[in-house]
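Down below is the structure, laid out as structure tokens.
Everything numeric here is computed off the predicted structure, so don't read it as measured data.
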Amino acid sequence: MTSKTKQYWLMKSEPDEFSIDDLAQRKNQIEPWSGVRNFQVRTWIKNSMRKGDLAFFYHSSCKIPGVAGIIKIVSDAYPDPTAFDLQSDYYDPKSNPQKPTWYCVDVQLVKKFPRFVPLQELRATPALHTLRILERGSRLSITPVTEKEWEIIVELGSRNQQMSIL
DNA sequence: GCCAACGTTGGC
DNA sequence: GCCAACGTTGGC
């Protein structure tokens, strides 16, 4: 895949493990997106993702799941070092540096949305009915997002907070 | 290569 | 904590 059109992704992380605020505190606000252990996602990382692609930072498996902000892919794919690290939860004895099974990219924070976009709201937005993570049984930790979906979610996340009308 | 059993994901 | 859905494993 070498087309120059913009590509967008949605990347899930459990905020208890690694949240958008954790990313904001990293040096240069950059962190390796490691630990992907699914072959389909691995292949996307390796063959489709490109430096410069944008992605949503999605908080999953938490009280209010949803899109927290925007990150950028700032490296090419490289072998996931956690797969070789005996101390890591993501250690995989079947992967080795000579022939790595798993890959990762570095991501950089672009911005945290002024307004968190809950999953509930994604579901309630008809124009987003094609969004991959809304599909029944969808479990992939990284999924492609269309340009149209991208723009709609950016708009939702950029809206001013609703004024309280008490 | 089939498929049952098991493990994981992730919303609720 | 439950459970549906999916991926992986391993016996045959």
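Side-chain contacts under 4.5 Å among hydrophobic residues (ILVMFWY), followed directly or transitively, place A/Leu131 together with A/Tyr8, A/Leu10, A/Leu54, A/Phe56, A/Tyr58, A/Val67, A/Ile70, A/Val110, A/Phe113, A/Val117, A/Leu119, A/Leu122, A/Leu128, A/Ile133, A/Leu134, A/Val145, A/Trp150, A/Ile152, A/Ile153, A/Val154, A/Leu156.
Using a 4.0 Å heavy-atom criterion, one finds that A/Lys63 contacts no nucleic acid atom at all. Note on A/Arg123: only backbone sugar-phosphate atoms sit closer than 4.0 angstrom, heavy atoms only; bases stay farther off.
For A/Ser138 against A/Lys12, the heavy-atom pair with the smallest separation is O-NZ, 4.1 Å.
No path of Ile, Leu, Val, Met, Phe, Trp and Tyr side chains, each step under 4.5 Å between heavy atoms, connects A/Val105 with A/Ile30, placing them in separate hydrophobic clusters.
The distance between the ring centers of A/Phe39 and A/Trp102 falls below 6.0 angstrom.
Taking every nucleotide of DNA chain B with any atom under 4.0 Å from a non-hydrogen atom of chain A, the first and last of them, 5' to 3', are B/dG7 to B/dC12.
With rounding to the nearest 0.5 Å, the separation of CZ in A/Phe18 from CG in A/Asp16 is 13.5 Å.
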